[in-house]
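In the text below, chain A, chain B and the rest are named by the order of the sequence lines, each starting its count at 1. All values below were derived from every heavy atom in this structure, side-chain atoms included, with hydrogens, water molecules and symmetry-related copies excluded.
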Number of protein chains: 2
Amino acid sequence: MFVKIKQSFDFVFFISYVCIVGLEIVSAVRKEMAMEYNAKQLQIIYVAERLFAMKGFAGTSVRDIAQEADVNVSMISYYFGSKEKLIEALFELRTSESRLRIENILLLEDLTHIQKVYIMIDSVLDRLWGNQCFHNIMMREQLSSERTPYISQHILELKIKNGELMNRLITDGQTAGVFRKNIDLSLMTTTLYGTINHAIATQEFYRKINKLEDLSEEEFRTLIKRRLSQHLKNLFKLTVSNEHNNQ
Amino acid sequence: MFVKIKQSFDFVFFISYVCIVGLEIVSAVRKEMAMEYNAKQLQIIYVAERLFAMKGFAGTSVRDIAQEADVNVSMISYYFGSKEKLIEALFELRTSESRLRIENILLLEDLTHIQKVYIMIDSVLDRLWGNQCFHNIMMREQLSSERTPYISQHILELKIKNGELMNRLITDGQTAGVFRKNIDLSLMTTTLYGTINHAIATQEFYRKINKLEDLSEEEFRTLIKRRLSQHLKNLFKLTVSNEHNNQ
DNA sequence: TTGAATGAATTAAACGTTTGTTTGTTAAAA
DNA sequence: TTTTAACAAACAAACGTTTAATTCATTCAA
């Protein structure tokens, strides 16, 4: 069983790196891959994700997970081998989901360069905002220096992948003459991800300070997401656009 | 011993909230407070800070701390009462250090509004960059929802305090007519802290991607700090300044 | 349609460590 | 003498993991 899962993932990995594949293949692979986990396994993974995000990896015991997922403690070792392998499975699942979603933006036509950047911003925002638990875990793991080489590798992959897209979008605009030349791409990426991550981490504070407590959870989420989107687009437009001069 | 420390902190707290005090009083209080901890206690606190930043609170055992600090395990309970109280002592120490540093910026004269904002940016940058370990821990604790009400309280205080300063700086510029009216202050703060925090968390990646591996640790730190400062000042200038119109 | 056989799923209990903390004791300082 | 600092040892609880037994579902010959 385990061997099969690993093989399947290496297969996905291989495809995503060697060639560009159409979306139909992507979703097919994803579906096939997700099918490797039965309902109980996915239940364990999702519960673990929520608890890891809340209390950290070391702060969450396998008994906590088992209790919340309503399974016996030994099932975690039985299904995943170990607690460490469980979080690795979580990373495999989540990163493979978004591994290829990025490519599409570059293929879009009939859009200005700044519009493509806007779409990228919303894409990143949707992804982080829709997977808050997982990205909490990712942030934590980024802070833990070199604890888990396996997971660090996944994070590094994602960063490079996202960085490449950003790079393409900006340099395209630069060669077209509508974007400024001297842009620190890395720092723009840092601002994009840093702002969203920090907004997620401090959203309750934002809610309190802006007196939005009477909004429902859903209303608040859409409100802050819209404001964040506008804020980031504004930041990027002002920074990369060639219209205004900024030393 | 503990009671005395607590009293001292409540005293600091009281002063900082009720009235504005001169710098001489501040440093005097800080010195008195720091003196409450002997060399061995401080050694434990600093080692704990480094390890908590590296491996997280739950991921660090008291034996790890004791070994690195070269003291007996039982000394931690002896001096601080518990592991939980140890991290609380760390938060008391670090937050009280920077609790009153903020006020000074508002008192500065002969500076334009944007210059004051620049000084604030550098001030925040210096503080976060100079206490990376501590702010790693703070970021982690921000992610842990409601685990430690005592520490959450400290973080909340800092956020409010910093938010108030930012608020004052911007509204001063707005009434003077040099800053735009419709600024989402919270999101600007989010971008400021988010960018710096994310830059700290991913600095090794920045180093690798920008091919700066041959720089020494010190050279790299000053370089990225200077770039960050410039980047953030640029962001703020473009965003708050009234010169350019941005919908 | 039966019924033993096979293998996977599930369980309670136990495993050996590691955890944070306490104890009792000794050495030094006040 | 009394207090404080430091230590090794021991403590119970919690940890991740394994074991062994049991239930469940599926298969396949009778």
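When the P atom of D:dA14 is taken as reference, atom CD1 of A:I65 falls 17 Å away, rounded to whole Å. Residue A:N38 contributes atom CG, which lies 7 Å from atom P of C:dA9 at whole-angstrom precision. Atom OH of B:Y79 and atom P of C:dT22 are 17 Å apart (whole Å). The separation between B:Y78 atom OH and D:dA8 atom P is 16 Å, rounded to whole Å. The CD atom of A:Q43 sits 14 Å away from the C1' atom of C:dA9 (whole-angstrom rounding).
Closest approach of A:H231 to B:M188, counting heavy atoms only: CE1-SD, 3.4 Å. Between A:V47 and A:I65 the shortest heavy-atom distance is CG1-O, 3.8 Å.
Applying ring pair (Phe, Tyr, Trp, His ring centres under 6.0 Å) to A:F52 and the options A:F91, A:Y46, A:F134, A:F57 leaves one that passes, A:F57.
Positionally, the nearest nucleotide of DNA chain D for B:M75 lies more toward the 5' end than for the other of A:N72 and B:M75.
Taking the six-membered ring where tryptophan is involved, the planes of B:Y206 and B:F220 are tilted, since the angle between them lies from 30° to 60°.
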Kindly give the atom pairs (protein nitrogen or oxygen, nucleotide nitrogen or oxygen) under 3.5 Å for nucleotides 19-21 of chain C.
| unit_1 | atom_1 | unit_2 | atom_2 | d |
| --- | --- | --- | --- | --- |
| C:dG20 | OP1 | B:T60 | O | 3.4 |
| C:dG20 | OP1 | B:K83 | NZ | 2.8 |
| C:dG20 | OP2 | B:V62 | N | 2.8 |
| C:dG20 | N7 | B:R63 | NH1 | 2.8 |
| C:dG20 | O6 | B:R63 | NH2 | 2.8 |
| C:dT21 | OP2 | B:K83 | N | 2.8 |

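By the 4.5 Å heavy-atom criterion applied to side chains, B:E84 and B:I87 are counted as neighbours.
With hydrogens and angles ignored, the 3.5 Å screen pairs no side-chain donor or acceptor of B:Q67 with any backbone N or O of B:D64.
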